[in-house]
Amino acid sequence: MAQRTKVLLTGFDPFDGEALNPSWETVRALDGWKCGRATVHARQMPCAFGQSIEALASAMDELRPELVLCIGQAGGRAEITPERVAINIDDGRIADNAGRQPIDVPVMPGAPAAYFSTLPIKAMVRDLRAAGVPASVSNTAGTFVCNHIFYGLMHRMATHPVAGQRGGFIHIPYLPEQAARFPGVPSMPLAAMVEALRVAVATALAVEKDIAETGGQFH
Ligand code: PCA
């Protein structure tokens, strides 16, 4: 029998005045879920520059997961969006939960400008759509704490390589109870997002080489 492996799923604590964060609500529902050879371990990350990368690094050291999927809230997006690229910049539009608002500072001084996700983002979008979940590739994770932890994840995997380890980031919409305060803003129910992450994890475990299918955009 193939050896069991671990999947680390992270979500954030609430920020920007919200009472909850859909990323943590979704991820924690999957803690302990067994997907084929892998078991999911859910961890909550602080929505704070610096601290989030430290918390992620200690979870990775503890678990040594085959797969790391960091999840975050993208209020206003209508779809599940696997992110293509993490950029080496912090530019907070608001302060983080620790009151810090870095503007135009690198996530890691002297490190590369960007890293690509090592998740099969196109295959994930294909499988999500096939499962009836609206999904698209996103070509920017922004410049707040989500891009920050995504960059920290990719930089760590580049500088502390673990054989076979892959990872990346997925942004998810508001929950309906959040969007109810912002008329016209899209949302997705918790159960649909939990199912979506099951599909994303299963595809990420199964597909090592991504498919060539367009996920491009004009702008
Ligand atoms: N979303 C924010 C940070 C935490 C979260 O869930 C972001 O997109 O940067």
Side-chain angles (χ1 to χ4, degrees), residues 8-31 42-57 59 68-108 114-117 119 121 124 134-156 167-179 181-182 185-190 192-194 196-197 200 217:
L8 171 60
L9 279 187
T10 73
F12 280 105
D13 55 12
F15 69 105
D16 199 17
E18 294 290 333
L20 45 75
N21 189 318
S23 64
W24 175 239
E25 299 307 316
T26 307
V27 157
R28 73 182 174 135
L30 290 169
D31 190 39
R43 293 284 192 281
Q44 190 174 34
M45 300 288 125
C47 182
F49 292 102
Q51 290 170 26
S52 53
I53 290 181
E54 287 163 24
L56 178 65
V68 184
L69 268 77
C70 298
I71 316 297
Q73 161 189 310
R77 284 198 192 164
E79 301 177 296
I80 303 293
T81 46
E83 296 289 349
R84 190 194 298 259
V85 59
I87 59 175
N88 192 11
I89 199 82
D90 290 332
D91 187 358
R93 194 172 55 75
I94 58 170
D96 68 12
N97 286 356
R100 291 187 58 242
Q101 188 173 4
I103 295 176
D104 292 352
V105 295
V107 179
M108 299 284 171
Y115 288 106
F116 290 118
S117 174
L119 299 177
I121 55 171
M124 288 160 78
S136 287
V137 167
S138 166
N139 294 299
T140 174
T143 57
F144 193 51
V145 180
C146 285
N147 173 74
H148 181 86
I149 202 171
F150 181 20
Y151 188 91
L153 166 65
M154 302 317 298
H155 184 66
R156 188 178 174 79
F169 195 95
I170 302 177
H171 263 122
I172 65 175
Y174 277 142
L175 289 162
E177 55 267 47
Q178 295 178 285
R181 294 191 289 112
F182 310 110
V185 168
S187 64
M188 201 179 279
L190 181 62
M193 295 209 272
V194 171
L197 288 196
Q217 288 165 357

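Everything numeric in this text was worked out from a predicted model, so none of it was measured. All residue numbers in this chain count up from 1 along the given sequence. Counting convention: from 1, in listed order, for ligands and their atoms alike.
For the pair Asp90/Phe144, no side-chain contact is recorded, criterion being any heavy-atom separation below 4.5 Å from C-beta on. Between Trp24 and Pro14 there is no side-chain heavy-atom pair separated by less than 4.5 Å.
Take Arg28 and apply the salt bridge (charged side-chain N to carboxylate O under 4.0 Å, His left out) test, not counting sequence neighbours, and it matches Glu25. In this view, Glu79 satisfies the salt bridge (charged side-chain N to carboxylate O under 4.0 Å, His left out) rule with no residue, not counting sequence neighbours.
Neither side chain, Asn21 nor Asp13, offers a donor N or O lying under 3.5 Å from an acceptor on the other.
Among residues at least two apart or in separate chains, side chain to side chain donor-acceptor pair (under 3.5 Å) pairs with a member in residues 170-179 are Glu18-Gln178, Gln73-Gln178, Glu83-His171.
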Once you restrict both partners to nitrogen or oxygen, which atoms of ligand 1 have a protein partner under 3.5 Å, and how far apart are they?
residue  : atom  : partner : partner atom : Å
ligand 1 : 1 (N) : Gln73   : O            : 2.9
ligand 1 : 6 (O) : Asn21   : ND2          : 2.9
ligand 1 : 6 (O) : Gln73   : N            : 2.8
ligand 1 : 8 (O) : Gln73   : O            : 3.4
ligand 1 : 8 (O) : His171  : NE2          : 2.8
ligand 1 : 9 (O) : Val145  : N            : 3.4
ligand 1 : 9 (O) : Cys146  : N            : 2.9

